[in-house]
Number of protein chains: 2
Amino acid sequence: MYAVKESSTNHANKQGELSKCPVTFTLDRIGGRWKALILYHLIAGPQRYGALKKLIPAITEKMLIQQLKELEADTLVHREVKPVVPPHVTYSLTPAGTELAPVMQAMANWGLKYAAVEVG
Amino acid sequence: MYAVKESSTNHANKQGELSKCPVTFTLDRIGGRWKALILYHLIAGPQRYGALKKLIPAITEKMLIQQLKELEADTLVHREVKPVVPPHVTYSLTPAGTELAPVMQAMANWGLKYAAVEVG
DNA sequence: ATAGATACTTACTTTTTGGTTAGTACTTGT
DNA sequence: ACAAGTACTAACCAAAAAGTAAGTATCTAT
């Protein structure tokens with residue numbers, strides 16, 4: 001016979017939630033499938049909405065806009081609208097977004113090295 | 001009246017999938033809510049399963065083990081079992097995992113800086 | 001005999017994320 | 001009058017990720 005299990009639930013563990021570690025803080029803003037990728041493509045400079053769509057062909061319009069909005073809300077990207085028709089909207093990194101560049105750059109470096117390993 | 005929409009679906013865009021960018025490659029292995037955090041806590045050195053659980057109180061056992069397994073399958077972490085009872089299992093970074101440290105370190109740096117901004 | 005320690009495993013449910021498909025606004029050029 | 005171009009928006013549904021709660025194995029110490 002075995003003793004009754006104490007529980008390994010998230011709820012029971014939530015006590016530690018407030019004392020978040022810095023990595024968790026960052027992950028909360030740039031985690032997910034798309035955000036780091038979007039930010040990466042903005043490092044080189046501002047991009048129009050349509051340009052981002054082309055740079056990240058796998059993303060759907062819904063996701064691209066949703067993620068851009070969230071990044072904007074977190075003040076990582078800046079959105080600029082030229083009042084013309086058809087619309088002309090440009091996205092760029094804010095200072096806070098720019099300071100994330102090392103993260104994406106490190107990812108790119110690692111990816112370059114190990115993608116090559118797996119192929120070759 | 002409007003023209004019929006072409007489609008902005010993922011399927012239609014999948015042509016670009018093979019020519020993956022290096023960031024996507026990296027994200028495929030360390031993306032998600034937990035992996036970067038786990039790797040971060042292994043930078044300082046090998047950790048037992050139970051130690052990781054304490055270092056990351058918000059994670060459930062199921063997730064911790066599942067993520068560790070995936071990281072192991074991607075040869076980012078190494079799992080070592082001492083054949084004793086009770087079990088004694090140690091996780092550590094592989095060379096490939098170690099080379100990801102700059103990513104997590106950059107995240108930690110940014111997190112430290114901007115978490116402070118939000119509070120202060 | 002049984003409780004304790006450690007590292008898992010499994011079945012099930014909920015939550016979150018993402019995809020599909022369609023539509024809108026507005027102005028210029030034909 | 002209408003098609004084209006650009007940047008969205010919204011309703012609905014499916015899939016993936018994560019959470020919950022419980023159980024298992026094995027040896028040591030009591």
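To find a chain, count down the sequence lines: A is the first, B the second, and so on, and within it residues start at 1.
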Asp74(A) meets the side-chain hydrogen bond (donor to acceptor under 3.5 Å, both in side chains) criterion, sequence neighbours left out, with none
Gln67(B) atom CD is separated from dA17(D) atom P, nearest whole Å, by 9 Å
In whole angstroms, the gap separating P of dC27(D) from NE2 of His88(B) amounts to 17 Å
| Pairwise side-chain contact, Pro102(B) with Trp110(A), heavy-atom cut-off 4.5 Å (strictly under) | no
When rounded to whole Å, the CD1 to P distance for the pair Ile59(B) and dG19(D) reads 8 Å
Atom CD of Glu70(B) and atom P of dT9(C) are separated, to the nearest Å, by 13 Å
Which of dC8(C), dG18(C), dG19(D) is nearest the side chain of Lys62(A)? It is dG18(C)
Checklist entry - Would you say a side-chain N or O of Tyr49(A) is under 4.0 Å from OP1 or OP2 of dT9(D)? => result no
note: Gln66(B), atom CD; dT10(C), atom P; distance rounded to Å ~ 12 Å
Of the candidates dC12(C), dA7(D), dC8(C), the side chain of Val89(A) sits closest to dA7(D)
**Prompt:** Is the phosphate of dA7(C), meaning OP1 or OP2, less than 4.0 Å from a side-chain N or O of Lys53(B)?
**Reply:** no
When rounded to whole Å, the NZ to C1' distance for the pair Lys35(A) and dT16(C) reads 13 Å
Rounded to the nearest 0.5 angstrom, the CE-CD1 distance for Met107(B) and Ile30(B) is 5.5 Å
Numerically ordered, the residues 79-87 of chain B set in heavy-atom contact under 4.0 Å with DNA chain C is Arg79(B), Pro86(B), Pro87(B)
Regarding the side chain of Met63(B), the nearest nucleotide among dG19(C), dA18(D), dT6(C) is dA18(D)
*Distance check: side-chain N/O of Arg48(A) vs OP1/OP2 of dT6(D), anything under 4.0 Å?*
no
Task: Phosphate OP1/OP2 of dA18(D): any Thr60(B) side-chain N/O under 4.0 Å - done: no
Output for pair (Leu52(A) CG, Leu42(A) CG), nearest 0.5 Å, gives 5.0 Å
So the ring pair (Phe, Tyr, Trp, His ring centres under 6.0 Å) pairs with at least one residue in residues 65-87 of chain A (sequence neighbours excluded) are none
Closest to the side chain of Arg33(B), out of dA18(D), dG18(C), dC8(C), is dA18(D)
Is there a side-chain contact between Arg79(A) and Tyr49(A) in this structure, where contact means two heavy atoms from C-beta onward sitting under 4.5 Å apart? no
Between CG of Leu37(B) and P of dA18(D) the distance, given in whole Å, is 12 Å
Thr90(A) side-chain N/O to Gln47(A) backbone N/O, donor-acceptor pair under 3.5 Å
no
To the nearest angstrom, the CG-P distance between Leu68(A) and dT9(D) comes to 11 Å
